[in-house]
Amino acid sequence: MARQVRKLSNQKAKKRIYRGIVHVQAGHHNTIVTITNIRGEVLCWSSAGACGFKGKRKSTGFAAKKAAETAAKKARDFAMREAKVLVTGPGQGRESAIREIFKAGIKVNVIREKTGIPHNGCRPPKKRSV
């Protein structure tokens, strides 16, 4: 009689993280949504480029909305219920990304703006001579 072999499942149990931080980086050309735990360790992320948008369409609010939706879906696998939102950058997709996180069923406690402001930083390029 053939010997029975027990199969070992190689699927690891997902962590349960109920609270986290959503980082929205809205640049001029792309929007990146990263979801971390409270200590700042990345759980999942998504971007407009990763959702299949290319070129000019990556910088739109719709692309940011899709990126936030994808990241929020991944975060729901970790049983995330509430989060802080930290927004960086001057891009178009800021508000639409935050709105999509609300719609995904993640309760937003705080929305914080942390875009860097230069204190007279880099020297501007010289004037164009035409």
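Keep in mind it's a predicted model, so treat the numbers as computed, not measured.
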dist Thr31:OG1 -> Gln25:CD (nearest 0.5 Å) comes out at 9.5 Å
Review point. Do Ile32 and Leu86 share a hydrophobic cluster (ILVMFWY, side-chain heavy atoms under 4.5 Å, transitive)?
Key: no
Are any of the side-chain heavy atoms of Pro90 and His28 separated by less than 4.5 Å?
yes
Smallest heavy-atom separation, Ala71 atom then Ile35 atom, equals O-CD1, 3.3 Å
Rounding to 0.5 Å, atoms CD1 (Ile21) and CD (Glu41) come to a distance of 10.5 Å
Minimal heavy-atom distance between Ser47 and Ala67, with the atoms involved, is C-CB, 3.6 Å
With distance as the sole test, does Thr88 use its side chain to make a donor-acceptor pair with the main-chain N or O of Thr115 at under 3.5 Å? no
Rounded to the nearest 0.5 Å, the NZ atom of Lys66 sits from the OG1 atom of Thr60 at a distance of 11.5 Å
| said: How about CZ on Arg76, more than 12 heavy atoms from neighbouring residues, nucleotides or ligands closer than 6.0 Å, or not? | reply: yes
Self-check item: Same apolar cluster (I L V M F W Y, side chains within < 4.5 Å links), Tyr18/Leu43
Solution: no
Nearest heavy-atom approach of Ala75 to Cys44 is N-SG, 3.8 Å
If hydrophobic clusters are built from ILVMFWY residues whose side chains come within less than 4.5 Å, do Val87 and Phe102 share one? yes
The side chain to side chain contact (heavy atoms under 4.5 Å, CB included) partners of Thr70 (sequence neighbours excluded) come to Ser46, Cys51, Lys74
Would you say Ile17 ends up clustered with Val85 if hydrophobic residues are merged whenever their side chains have heavy atoms under 4.5 Å apart, either directly or through other cluster members?
yes
dist Thr34:OG1 -> His23:NE2 (nearest 0.5 Å) comes out at 7.0 Å
In short, salt bridge (Lys or Arg N to Asp or Glu O under 4.0 Å) pairs touching residues 88-117 with sequence neighbours left out are Arg94-Glu113
Do Glu69 and Lys73 meet the salt-bridge criterion of a basic N to acidic O distance under 4.0 Å?
-> yes
Between Gly93 and Ser96, the two heavy atoms sitting closest are O-OG, 3.4 Å
Here the pair of heavy atoms bringing Glu82 nearest to Asn109 is OE2-ND2, 3.2 Å
Value for CE (Met80) from CD1 (Ile106), rounded to nearest 0.5 Å, stands at 6.5 Å
**Request:** Taking the side chain as every heavy atom from C-beta outward, state whether Val108 and Ile101 have any atom pair closer than 4.5 Å.
**Result:** yes
Same apolar cluster: Ile111 and Val24, side chain cutoff 4.5 Å
yes
Taken to the nearest 0.5 Å, the spacing of Phe53 CZ from Lys58 NZ works out to 11.5 Å
